[in-house]
Amino acid sequence: MTERELNLIRNLSNAKAPSGFEEEAIALVREALADICEVQEDSLRNLYLIRRANTGDKPLLMLDAHGDEVGFMIHSIRPEGTLRFVNLGGWNKGTLPGTAVKIRNRLGEWIPGVIAAKPPHFMSTEEKARQGVADYKDLVMDIGARSKEEAEEAFGIRIGEPAVPATAFFYDEARDVMQGKAFDCRIGCAALAETMRRLEKLDLAVDVVGVISSQEEVGERGASVAVERVNPDIAIVFEGCPADDTFGEAYARQTLLKQGPMLRFMDVSVICNPRFQRFVLDLAEEKGIPAQASVREGGGNNAAVIQEKMKGAPAVVMGVPVRYIHTPGGICAGEDYAAAVDLAVETVKNLNESIIKGF
Ligand SMILES: [Zn+2]
């Protein structure tokens, strides 16, 4: 992993870009690839990265990674100046109280706040026993305002504005551990950008378009538009996917940190084309690139939309394992990101029209 790649990962993780507000994330990818791609954008905040060497008469491969992250939207301001909010995407709600957040105001500034948690001193015995969080409507963000008027006038707060955790990216280089937020799917966005760069100089039997798609966390809405526009014949979907190596029974763990990208045979939304999936796993073995496979009992991703909407275009998911996705702080490893890029590049290099038809 080069300094350039690490900087992009850092900036992408720190970018404040929940579903519907992807601007900061896609601006970073646009800037990273503007010298080698034709870049387009639509009003849903899907970013299209078109390889300059595309000829138009080869099968078209789409690389996808979603640009959004799970986040929040301000719902209303309470009389005492705290902010009610709704979720953009599915959080582990129990992790939210006490989380530092940033909330965009009417001037576009990001105001620091905290998701309020009652000090134990004020909790009843019943509340202490429960500890959990009942519902989003019981949670508020506190920016230090003392009234609704102060929140609006001095802090510039208004409803409909986005908020995200204030988690700052940190990389422990000696141990190759990254900590931060939004690795789902910004580590995938970084892998997509690096894959496009590594493909730049190669002579390929496929055309390539990269898409940083929007609003995945609220139901794959960006990808369903992007796929119609790109009209791909085959796709690789990058993800920051949930690592399971700290949960459950050892025999059933399938997405471990530092074991390479995870390719899912299926999740709740999709059965990834089994022949394409096997092709990629065999290639990983042949080239000595670490990779792992899983059969997911939950989850969902953009491959479902691509396979279903696009005349059944085969799709696989290249997932960089991330511990604790959909919470304010995740953990992933640089070597898994690097292996995902290596495997994606090898896959693209080895695809051609007859192989794709065989899937
Ligand atoms: Zn997610």
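Start at 1 and go down the list; that is how both ligands and their atoms are numbered.
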Novice: With a cut-off of 2.8 Å, does any N, O or S atom of Glu239 fall short of it relative to the Zn ion (ligand 1)?
Specialist: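 So Glu239 does not count as coordinating the Zn ion (ligand 1).
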Novice: Are the side chains of Asn273 and Phe279 in contact, using a 4.5 Å heavy-atom criterion?
Specialist: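 With C-beta onward as the side chain, the pair stays apart.
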Novice: State, to the nearest 10 degrees, the angle whose vertex is the Zn ion (ligand 1) and whose arms point to OD2 of Asp184 and NE2 of His326.
Specialist: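 Rounding to the nearest 10 degrees gives 90°.
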Novice: Closer than 2.8 Å to the Zn ion (ligand 1), do we get an N, O or S atom from Glu217, backbone or side chain?
Specialist: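 Checking the Zn ion (ligand 1) against Glu217, an N, O or S atom does fall under 2.8 Å.
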Novice: Do Arg296 and Pro242 make a side-chain contact, defined as non-hydrogen atoms from C-beta onward lying under 4.5 Å apart?
Specialist: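 With C-beta onward as the side chain, the pair touches.
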Novice: For residues 255-263, run the donor-acceptor check on the side chains, cut-off 3.5 Å, and write out each pair with its distance to 0.1 Å, sequence neighbours left out.
Specialist:
| residue | atom | partner | partner atom | Å |
| --- | --- | --- | --- | --- |
| Lys258 | NZ | Arg175 | O | 2.6 |

Novice: Return a table of donor-acceptor pairs under 3.5 angstrom between the side chains of residues 318-328 and protein atoms on other chains or two or more places apart.
Specialist:
| residue | atom | partner | partner atom | Å |
| --- | --- | --- | --- | --- |
| Arg323 | NE | Asp245 | OD1 | 3.0 |
| Arg323 | NH2 | Asp245 | OD2 | 2.9 |
| Tyr324 | OH | Thr246 | OG1 | 3.2 |
| His326 | ND1 | Gly90 | O | 2.6 |
| His326 | NE2 | Asp184 | OD2 | 2.8 |
| His326 | NE2 | Glu217 | OE1 | 3.2 |
| His326 | NE2 | Glu217 | OE2 | 3.3 |
| Thr327 | OG1 | Tyr324 | O | 2.8 |
| Thr327 | OG1 | Gly329 | N | 3.3 |
| Thr327 | OG1 | Gly329 | O | 3.1 |

